[in-house]
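Below: one structure, written as C-alpha cells.
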Amino acid sequence: MKQTRVRLKPGRDKSLRRGHPWIFSGAIAQASGTPQSGETVCIESAEGEALALAAWSASSQIRARVWSFATDTVIDAAFIHAQIEAAIALRTKLPELAPTHTNAQRLVHGESDGLPGLIVDRYADIVVVQILSAGMERWREAVFDALHLQTGASVYERSDAEVRALEGLPQRVGAVRANDHMVWHAPIHEHGLQFHVDVVGGQKTGFYLDQRDNRQRIRALANGRRVLDCFCYTGGFALAAAAGDAQSVLALDSSELALHTARENAQRNACAERVTFTQADVFAQLRELRNRHERFDLIVLDPPKFAPTAAQTERAARAYKDINLLALKLLAPGGLLASFSCSGGVDAGLFQKILAGAAVDAEVDAQIIGHFAAAADHPVRLAFPEGDYLKGLLIHRP
Ligand code: SAH
C-alpha cells in the first residue's frame, strides 16, 4: 500500500525542523489520501520536501506524532523493538537506578524516548504499560512482545488515562503477557524503604516514580522537624520524612484506597507510630490547620495535575496559589516548603511567579533554596519541552 503524504501549510515546518515531534491539525494543508488512525504517513513541507515519518491520529488536535526524521526508516515491529531496547539500555547506565537503590523504574518516557504516547514503568517483576496515542495503539502487540521478551517480566496494561479519549481510543486495562501464577501487585524498594504497588487499583501505573530523588532530598531535610505531607498518595514523602527522623509526620490525601496502602507501607517500614495518615481535602484541611494555629517546620505540596494543558492554566494558577499561600502561613520561622507542580500547562517561570504572589499575600518573606525535577529515568528530549512537566521549588521562610 502506498504511504499517504501529508503536506504542511507554508511556513508550518519550523518546529518539525527543530526536532519537535508533534504536528497539529492547524498546520496541515492536505493529505494525498484518507489515512486511518494509527497509520504511518510521510510529512512533507509546503514545497514537497519529505521531513518525517509520523503516526496519524484522525481525531486528535495532535494530528500526527513523529516516529522518525529519517524518512527511509521502516516503521514496523522491529523498529518498536529497537526503540524499546534503546530506552531500557539507557536506564542500565544510570547510577541512580542501581539495584541496591531501587527495583522500580520508568523504562519508557514517551516522546523523550522516541516512543510517542508510550509510558512504561517497571515494578520488580511486573511491567505496566500506558498507551496514550493512536499510533502506539496500532503497535500494541509489538510493544507487549518487546517488553516481555526484553525484561522477562509479566506485562499489565493500564491504558485508562483520560487523554485516550482525545485520540478516539477506548480504555483498556488488564493482563497482556503473564508469567505463571502472576499476582498483579509488587513489593518494591526505594533507597531502603519498602512500598506496596497495586498495579490494578493504584493511580496511573501504580506509583509516582518521578519523585524518587525528591523524596530522598526531603528525607535529608526532615531531621527533628514537624512535617506535613499534602497529597501523600501511598506515603512516599511521608515515609521518607519519617526515615529521616522527623519529629512527627501528618499526611493528607482524599483517596481512602491510597491511604489504606499508605498505612500498610508505614507498618512495613516500622514507622507507623510517627506518621498519621488522615483522609481530607487538602484545600479545606489547610484552612482548618490555619484556624487551629498549627505550625509545621517542613511542608510538602505534591498536588495532582491541575492543568494538563494550557487551556486550564488560569484556573490551575489560582489553585496553586491557594494551597501555597496557606502552606506558607502554616510554616514556622526557619521552616521549609517543598512545592511541586506536574502540570504541563504551568511552566517553571509561571510556577515561580505564582509562589511569589502567594508569599506576598501570605505576608511572609521567602527564599528559593533549591529546585526539583523528575528523576533521571524521566529524560526530557531537548526539542520537546513538554516532557519537562515536573518542577518544584524548595522555599525557606526565614
Ligand atoms: N506525593 C505522592 C504522589 C501524589 S499524587 C507520592 O510521592 O507518591 C496526588 C495525590 O493527590 C493523589 O493521591 C490524589 O488522591 C490526591 N488528591 C487529589 N486531589 C486531592 C484533594 N483535593 N485533597 C487531597 N488529596 C487529593
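The chain is numbered in sequence order, starting from 1. Whatever order the structure lists ligands and atoms in, that order sets their numbers, starting from 1. Just so it is clear, the values below take in all heavy atoms, side chains as well, and ignore hydrogens, waters and symmetry mates.
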His189 and Phe195 aromatic centres sub-6.0 Å: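 No, they do not, as the ring centres are separated by 6.0 Å or more.
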Test side chain to side chain contact (heavy atoms under 4.5 Å, CB included) applied to Ser254 - qualifying residues, sequence neighbours left out: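 For Ser254, no residue satisfies side chain to side chain contact (heavy atoms under 4.5 Å, CB included) once neighbours in sequence are set aside.
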Arg63: partners by side chain to side chain contact (heavy atoms under 4.5 Å, CB included), with sequence neighbours left out: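 Checked Arg63 against side chain to side chain contact (heavy atoms under 4.5 Å, CB included); matches are Ser25, Ile28, Trp56.
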Sub-4.0 Å heavy-atom environment of ligand 1, residues by chain: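 Ligand 1 is contacted, at a heavy-atom distance under 4.0 Å, by Gln203, Tyr208, Arg215, Phe231, Cys232, Tyr233, Phe237, Asp253, Ser254, Ser255, Ala280, Asp281, Val282, Phe283, Asp302, Pro304.
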Distance-only polar pair, side chains of Asp210 and Tyr389, donor-acceptor under 3.5 Å: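 Asp210 vs Tyr389: donor-acceptor pair found between side chains.
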Exercise answer: donor-acceptor pairs, residues 353-362 side-chain atoms, under 3.5 Å, sequence neighbours excluded:
from: Asp361; atom 1: OD2; to: Lys321; atom 2: NZ; distance (Å): 2.8

Nearest atoms (heavy-atom pairs only) where Asp347 meets Leu350: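 Heavy atoms of Asp347 and Leu350 come nearest at OD1-N, 2.8 Å.
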